[in-house]
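Report on the following structure.
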Amino acid sequence: MFAASVPVALQALDRAGVLLGHATPDMLATRLHPDMFNCAEQFEIVAGFALRATLPLAGRTIAERPCAHDANSLLAHLNAARAEIMTLRPADFEGAAERRIIHRAGFADLDQSGADYLHHFAIPNLWFHLSMAFAILRNHGAPVGKAEFDGFHAYPPDFRFVG
């Protein structure tokens, strides 16, 4: 469970930091839709889900971490999550696949095995919120693409899928 959670959470935090570097204050305050979280909140939630995807599986609790919604505070928030996750070791995850994780998803109370929690809840939500931050930035003109999102893709600087 360590290998399925810790490296994935760290990659998402890394990519969030890269994307955040392209955000202007105006972009951080924008939303894809009026009833959705704004971009800053999406980044804050990415940090939270990186912790949610790792700490409960290691039998640790997640401390509340209020965060201001400016770029510097968000970057510090992402880095604090990274630092805490970096303290985890594979031995912390012994029995994690079977461990019961009792949590809330919106207004739903859930009780899942560690494996189901990680694969069906925590990781999808981590990438969902990172995707929403990416979409807001992209929609508002930030020069971001798949290379910034996943860190693997590479395209020439002037490449476009459509003319």
Note, Leu19 side chain near Leu130 side chain (heavy atom, < 4.5 Å)
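In short, these two side chains touch, coming nearer than 4.5 Å.
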
Hey, is CZ on Arg99 packed in by over 12 heavy atoms from elsewhere, all under 6.0 Å?
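It does: Arg99 CZ has more than 12 such atoms within range.
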
Considering non-hydrogen atoms only, spot the tightest contact between Ile136 and Asn38 and give its length.
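Between these two residues, the closest heavy atoms are CD1-C, 4.0 Å.
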
For the residue pair Arg52 / Ser5, report whether a side-chain donor-acceptor contact shorter than 3.5 Å exists.
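Not at all, the side chains of Ser5 and Arg52 share no donor-acceptor pair under 3.5 Å.
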
Check: Gln112/His103 side-chain N/O donor and acceptor closer than 3.5 Å
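A donor-acceptor contact under 3.5 Å links the two side chains.
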
Is the distance between the ring centroids of Phe121 and Phe49 under 6.0 Å?
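Close enough - the centres of the two rings lie under 6.0 Å apart.
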
What's the verdict on side-chain hydrogen bond (donor to acceptor under 3.5 Å, both in side chains) for His153 and Asp150, showing C-alpha distance, side-chain angles and the deciding distance?
CA-CA 7 Å; His153 283 80; Asp150 69 12; 2.6 Å; yes

Look at the rings of Phe161 and Phe159 and say which category their plane angle falls in: under 30° parallel, 30 to 60° tilted, over 60° perpendicular.
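Perpendicular, since the angle between the ring planes exceeds 60°.
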
Same cluster for Val18 and Met132 if Ile/Leu/Val/Met/Phe/Trp/Tyr side chains link at under 4.5 Å?
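Not linked; separate clusters.
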
Same apolar cluster (I L V M F W Y, side chains within < 4.5 Å links), Phe152/Tyr155
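No; Tyr155 is not reachable from Phe152 via cluster members.
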
Pair Glu44-His69, side-chain hydrogen bond (donor to acceptor under 3.5 Å, both in side chains): steps then yes or no:
CA-CA 8 Å; Glu44 181 180 10; His69 290 164; 2.6 Å; yes

What distance separates Arg15 CZ from Phe149 CZ, expressed to the nearest 0.5 Å?
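Answer for the CZ-CZ pair, Arg15 versus Phe149, is 9.5 Å.
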
